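We use all heavy atoms of the structure for the numbers below, so side chains are in, but hydrogens, waters and symmetry mates are not. Read the numbers this way: they start at 1 and go in the same order the structure lists the ligands and their atoms. Being a predicted model, the structure only gives us computed values, none of them experimental.
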Amino acid sequence: MATEFIKVNPQIEKHIALIELNRPKELNALSRELMLEIRDTLRVLDEDDNVRVIILTGGEKVFAAGADIKQMATATAIDMLNIDQFSTWDQIKKTKKPIIAAVSGFALGGGCELAMTCDMIIASETARFGQPEIKIGTMPGAGGTQRLTRAIGKVRAMEMVLTGKFISAEEALQAGLINRIVPVEVLRDETLKLAREIAKLSPVSVKLAKESVNNTFNSTLDEGLVFERKNFYLTFASEDQKEGMKAFVEKRVAEFKGR
Ligand code: DAK
């Protein structure tokens with residue numbers, strides 16, 4: 001697995017993998033090559049039984065300043081169609097294990113979309129979120145008009161998408177885009193803390209619960225409730241459910257195996 005533009009630690013801690021974007025000179029601009037590396041890495045980590053939670057992060061100054069504008073500048077619509085970068089973004093969405101974005105500095109355009117494609121976002125006080133594509137003659141193309149609107153509501157999303165203005169970590173928190181803000185120097189530790197909490201739980205239930213929450217966006221309430229119910233039943237087919245409830249009754253800590 002080539003990892004020239006990202007750094008991967010499949011076991012930064014027990015059951016926790018870390019992916020770090022690593023194109024600092026280009027402010028982690030998401031080139032096609034970098035996105036392919038993320039796609040391939042996520043595929044591998046999603047199949048690795050030792051991994052239960054994945055953290056995706058950038059540097060202190062920048063999470064990612066968007067898709068690589070220099071690479072896209074002269075592309076035609078047909079080039080964009082043929083390159084079909086969406087398969088790389090689809091892989092992020094398809095990943096069954098939870099992905100937590102740890103964002104410091106700019107998360108712009110594709111960078112903001114990448115963070116939003118993750119399941120949770122922990123931000124440092126320096127985080128800035130924006131969809132500035134409109135300023136370079138285009139518009140968001142990897143979920144920026146959809147995930148942002150669902151996360152923060154129409155009028156706020158409209159203002160960001162139509163003006164390209166950035167919002168601060170505080171505004172993002174108030175709008176419901178991120179989980180919390182932490183000092184930059186403890187961003188990784190705080191993200192690990194959240195990852196650790198989830199990694200202790202049943203990987204089977206975590207996957208099914210993640211799938212059910214995400215299904216909200218593709219279904220009516222009744223359809224979503226039926227989907228949730230089926231996943232709930234399915235947890236009762238796992239050894240983890242038996243272990244979890246037995247451990248509760250026996251007043252001990254459950255040991256989940258992901259089976
Ligand atoms: N692409 C390429 N290079 C970038 C870049 C980017 N997005 N952002 C920054 N850089 C490069 C700069 O060109 C500069 O390179 P050199 O000149 O040193 O060679 C270097 O990084 C440092 O940048 P600055 O000198 O500009 O640094 P500042 O601190 O002054 O400013 C900034 C930081 C983040 C405010 C500024 O760099 C900036 O505005 N960057 C562009 C932000 C932006 O417009 N982002 C949206 C890009 S469009 C799709 C999926 C996704 C997308 C599209 C399609 N499909 C699946 C098909 C997404 C599109 C986008 O994200």
(message) I need the contact residues for ligand 1: any residue with a non-hydrogen atom closer than 4.0 Å to the ligand, ordered by chain then number.
(response) Lys25, Glu26, Leu27, Ala29, Lys61, Ala65, Gly66, Ala67, Asp68, Ile69, Lys70, Met72, Gln85, Phe86, Trp89, Phe106, Leu108, Gly109, Gly110, Glu113, Pro132, Glu133, Ile136, Ala142

(request) Would you confirm whether Glu243, through its side chain, and Ala254, through its main-chain N or O, come within 3.5 Å as a donor-acceptor pair? (result) no

(message) With no hydrogens and no angle check, just 3.5 Å: does a side-chain donor-acceptor pair link Ser168 and Glu171?
(response) yes

(message) If the condition is ring pair (Phe, Tyr, Trp, His ring centres under 6.0 Å), which residues does Phe232 pass it with, not counting sequence neighbours?
(response) Phe236

(request) Determine which pairs satisfy salt bridge (charged side-chain N to carboxylate O under 4.0 Å, His left out) with at least one residue from residues 219-230, sequence neighbours left out, and list them in order. (result) none

(message) What I want to find out is whether Arg23 reaches Glu37 closely enough, with some N-O distance under 4.0 Å, to be called a salt bridge.
(response) no

(request) Just grab all the salt bridge (charged side-chain N to carboxylate O under 4.0 Å, His left out) pairs involving residues 192-208, residues at least two apart or on different chains. (result) Glu13-Arg196, Glu190-Lys193

